[in-house]
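Chain A is the first sequence line, chain B the second, and so forth, proteins listed ahead of strands; every chain is numbered from 1.
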Amino acid sequence: MHPLPRPRTRTPRAAAGERSRNRAWLGWAFVLAGAVALLVGRAPAQGQELTEAERARGETIYQQQCLQCHGGAGEGAVVPQSGREAPPVNDVGVAYVDLVLRTGRMPPPGDPFDNRARRVQVEGEDRRALVGWMAEAFELEGEISVPPEGNAAEGLQVYNDNCAHCHGNTGAGGVAGAGAWTPALLGYDPVTIAEATRVGPFEMPRFSEDQITEQQVGDVVAYLAEVREHRGTPVFGLVELNPVYASAFVALLAVAMMFSIMWIGGRPSWFPDRTPPPTDDPEGPQT
Amino acid sequence: MTPLFALLFDQLDDRLRLRRPGRAVANKVFPHHWSFLLGEVALFSLIVLVATGIFLTLFYRPSTEPVIYTGSNPLYVGTSMPAAFESILRMSEDVPGALLIRRIHRGASHLFLAATVLHMLRILLTGAFRKPRELNYHLGIVLLTLAIAEGFLGYSLPYDSLAGTGIRIAYSEVLSFPFVGDRLAFWIFGGEFPTGDVIPRFFAFHVLVVPGIIIGTVSLHLLLLVRQKHTQFPRTGIDGHRMIVGKPLWPAQFAESATLMLWTAGLLTLAAVFIPWSDVALLGPYVPAEVGNNAQPDWFMFWLEGVLRMIPALEWDLPGLTISGPFIAGVVLPGLVFGALIAYPFIERRVYHLSGEWHVLQNPLDIPLRAAYAIGTFSFVLIASAAATNDQLSRLTGIPIETATWGFRIASMFVPPVLAFLLYRYSKGRLRRRGLAVASSEQEADSRFHEPASEQQPVT
């Protein structure tokens with residue numbers, strides 16, 4: 001697995017000139033990081049690193065878990081259980097195949113279009129072997145790219161401009177209509193975020209590098225990592241509450257308040273009178 | 001009395017002549033029942049709100065001018081953002097104690113509204129609004145309206161992503177008024193949203209105008225309460241129409257209320273430590289035209305948001321004016337709900353030909369119309385509130401959001417009338433089984449309470 005990039009922290013500084021100089025330096029660092037990532041990321045797609053054992057492993061996984069619905073040559077077929085059409089997988093990109101495995105859409109334990117929390121079934125080395133084998137066997141195009149290390153502050157802006165409409169503020173997930181939900185983004189690793197941005201799986205639009213640059217993808221990843229690592233409250237570890245969940249806590253608070261007043265107001269009296277208790281009101285309500 | 005206190009009191013009394021009015025105040029009678037403390041919780045929350053609010057005013061900047069953030073939150077260092085949001089970030093990260101105070105302020109606003117609503121339910125269900133207390137009941141409705149408005153203004157001030165979305169919706173609501181909508185919106189918001197005038201104006205209303213009116217109205221509310229005296233639950237052997245039974249303000253009720261005040265403040269502080277009511281650092285500042293998928297208002301606006309989410313995209317073009325769905329959802333329906341609340345005391349009095357004054361509380365099931373009205377209105381408000389959470393419910397349950405919305409549409413139209421009808425039938429049957437009709441005067445209602453049911457003669 002790829003380690004999460006740490007959000008880059010910058011110290012406050014006064015002079016604007018110094019800031020821009022530092023920005024330039026950062027830019028070069030990003031370019032370098034991007035180049036390294038590109039080189040690293042290219043490898044599995046071309047299958048150069050795939051050993052014989054891995055190749056066999058990938059083929060076995062494909063035959064066991066994919067072949068029934070997607071066909072021996074990845075040409076697609078009818079799903080025996082539901083009668084639905086399984087799409088061909090021999091004309092998609094490597095990133096697409098990798099993405100559906102990383103997000104747990106495939107192999108499906110249930111409805112593959114249900115975007116809420118899913119269990120990932122093929123991961124780690126298994127996934128690498130499977131993707132590598134499929135890339136070779138079906139001559140799939142593309143590569144798995146690792147996003148460059150990013151800046152969380154930039155990422156927040158990119159996220160709110162491009163992603164929050166569907167995925168909700170702070171990557172909480174949302175609804176997309178017609179029984180589709182946009183997944184919450186906090187559980188995904190950087191590669192998944194980057195792949196989804198470029199591939200645009202299912203209802204999601206595809207974002208080209210003109211719309212969101214590689215660097216901006218890295219920034220979004222950094223922002224999401226920052227959200228995930230945000231320090232919560234001391235006891236429950238709660239981070240920021242959506243108003244709906246806040247309303248549940250308001251209900252709890254109201255219940256606590258009701259019990260408090262029942263306890264405080266339910267006592268016989270704090271200063272019992274020694275004289276006969278009914279305190280007459282001399283003026284009394286008029287009839 | 002301690003000697004020191006006695007000395008001080010004597011000195012003051014010599015000058016201000018406090019003894020006689022002081023005794024009258026100290027002997028003010030408070031009936032003993034826990035539900036009478038709901039209003040007190042609201043009052044104490046208001047005190048907490050004012051105290052914490054003053055602290056927050058010292059650090060908040062009511063402006064949307066862009067500024068460069070230089071505080072210690074790594075998410076924002078060096079970026080440009082509205083000054084309002086920047087000051088909120090600064091409070092959360094760099095002003096000692098301000099995050100806690102801000103959370104207490106938000107928690108207290110939730111408790112204030114919750115206690116106000118529950119207090120109103122108590123008044124409505126037990127009939128404490130009846131003659132001669134209609135005026136105080138209406139002051140209470142004014143207070144509820146002001147509290148909702150104040151809550152909305154406070155929710156808007158941080159100018160985070162959610163707040164800006166809320167202001168945008170309010171702007172659209174004002175726009176939807178026929179004839180005057182666009183002018184009214186421009187007049188209130190200082191031009192086409194988003195404008196730089198919104199936050200300064202909301203700030204002035206949130207810290208000055210609305211709280212001023214709230215405190216004035218609360219004072220009048222309490223003054224009328226003292227003048228008209230409390231209502232009370234019926235007690236055997238006590239003629240509640242002529243006499244109030246309870247404990248005196250000093251010392252019994254004072255001890256109870258002081259305990260409750262401290263308890264409320266403690267509960268709010270504890271809640272603020274455990275619950276991040278108001279944290280907005282991860283949301284980011286409001287960027288016009290950007291809306292998060294999971295944007296929601298605070299819970300007390302859920303019913304308004306819910307009606308907005310349920311209403312279909314209607315628009316009637318009549319000659320000279322346009323009536324749109326948002327106008328019906330955001331103005332007409334809430335107007336009806338509040339109109340019904342305001343008119344209810346008069347309706348009840350008229351329908352049942354009630355006479356005289358009423359000082360003793362009743363079981364709402366003894367007045368079928370009231371039971372039906374209460375359950376009808378509040379089931380509608382609850383269903384509409386649930387409809388505002390349709391996206392979260394859809395995610396939790398796996399029901400497509402369209403299906404959920406249609407479910408809420410149907411439920412909000414049919415469940416309240418059906419519940420109201422059933423409860424009306426039930427409470428009417430309950431009276432009939434005992435051979436009774438709705439009591440038309442307090443003496444009649446009181447006599448029923450004091451006589452055992454077996455001795456009553458069925459009316460045939």
Taking every non-hydrogen atom, the tightest pair across Leu268(B) and Leu253(A): CD2-CD2, 4.3 Å
What is the minimum heavy-atom distance between Gly284(B) and Asn160(A), and which atoms define it? CA-ND2, 4.1 Å
Can you measure from OH (Tyr245(A)) to OG1 (Thr389(B)) and round to the nearest 0.5 angstrom? 9.5 Å
So which part of Leu162(B) gets closer than 4.5 Å to some heavy atom of chain A, the side chain, the backbone, both or neither? side chain
More than 12 heavy atoms of other residues, nucleotides or ligands under 6.0 Å from CZ of Phe259(A): yes or no? no
Answer yes if the ring centres of Trp263(B) and Trp263(A) are under 6.0 angstrom apart, and no otherwise. yes
Rounding to 0.5 Å, atoms CG (Leu156(A)) and CG (Leu282(B)) come to a distance of 8.5 Å
Rounded to the nearest 0.5 angstrom, the CD-OH distance for Gln157(A) and Tyr76(B) is 9.0 Å
Considering residues, nucleotides and ligands other than Arg235(B), do more than 12 of their heavy atoms fall under 6.0 Å from its CZ? no
Using a cut-off of under 4.5 Å for heavy-atom pairs, which of Cys163(A), Cys166(A), Ala254(A) has the most such pairs with chain B? Cys166(A)
Pick one of side chain, backbone, both or neither for Ala289(B), based on which atoms fall under 4.5 Å of a heavy atom in chain A. backbone
Which region of Phe302(B), side chain (C-beta onward) or backbone (N, CA, C, O), has a non-hydrogen atom less than 4.5 Å from a non-hydrogen atom of chain A, or is it both or neither? side chain
Can you tell me which portion of Ser161(B) sits under 4.5 Å from chain A's heavy atoms? Options are side chain, backbone, both or neither. side chain
Does His167(A) reach the side chain of Asn293(B), with side-chain heavy atoms less than 4.5 Å apart? no
Under 4.5 Å from any heavy atom of chain B - which part of His165(A): both
What part of Glu290(B) gets closer than 4.5 Å to chain A, counting heavy atoms only: side chain, backbone, both or neither? both
Checking heavy atoms, do the side chain of Asn242(A), its backbone, both or neither come under 4.5 Å from chain B? side chain
Begin from the C-alpha positions of Asp161(A) and Val287(B) and carry the test side-chain contact (heavy atoms from CB on, under 4.5 Å) through to its verdict. CA-CA 8 Å; Asp161(A) 286 350; Val287(B) 179; 4.1 Å; yes
Contact part of Val291(B) toward chain A, heavy-atom cut-off under 4.5 Å: side chain, backbone, both or neither? backbone
Return yes if some donor-acceptor pair links the side-chain N/O of Glu240(A) with the main-chain N/O of Ala281(B) below 3.5 Å, else return no. yes
Chain A contacts, top residue of Pro400(B), Gly398(B), Gly107(B) (heavy-atom pairs, under 4.5 Å): Gly398(B)
About how many Å separate CG of Leu37(B) and CE of Met262(A), when rounded to the nearest 0.5 Å? 10.5 Å
For the pair Asp298(B) (side chain) and Val244(A) (backbone), establish whether a donor and an acceptor sit closer than 3.5 Å, ignoring hydrogens and angles. no
Which residues in residues 168-184 of chain A have any heavy atom closer than 4.5 Å to a heavy atom of chain B? Gly168(A), Asn169(A), Thr170(A), Ala172(A), Gly173(A), Gly174(A), Val175(A), Gly177(A), Ala178(A), Gly179(A), Trp181(A), Thr182(A), Pro183(A), Ala184(A)
Evaluate the side-chain proximity of Trp277(B) to Val250(A): yes if any heavy-atom separation is below 4.5 Å, no if none is. yes
Side chains of Leu238(A) and Phe274(B): does their closest heavy-atom pair fall under 4.5 Å? no
At a 4.5 Å cut-off on heavy atoms, which part of Pro297(B) comes close to chain A: side chain, backbone, both, or neither? backbone
Okay, Arg103(B) and chain A: the region with an atom under 4.5 Å from a heavy atom over there is side chain
Using 0.5 Å steps for rounding, measure from the NE2 atom of His110(B) to the CZ atom of Phe249(A). 11.5 Å
Would you compute the distance between atom CG of Leu38(B) and atom CD1 of Ile261(A) and round it to the nearest 0.5 angstrom? 4.0 Å
From the list Val273(B), Ile401(B), Leu75(B), the residue making the most non-hydrogen contacts under 4.5 Å with chain A is Leu75(B)
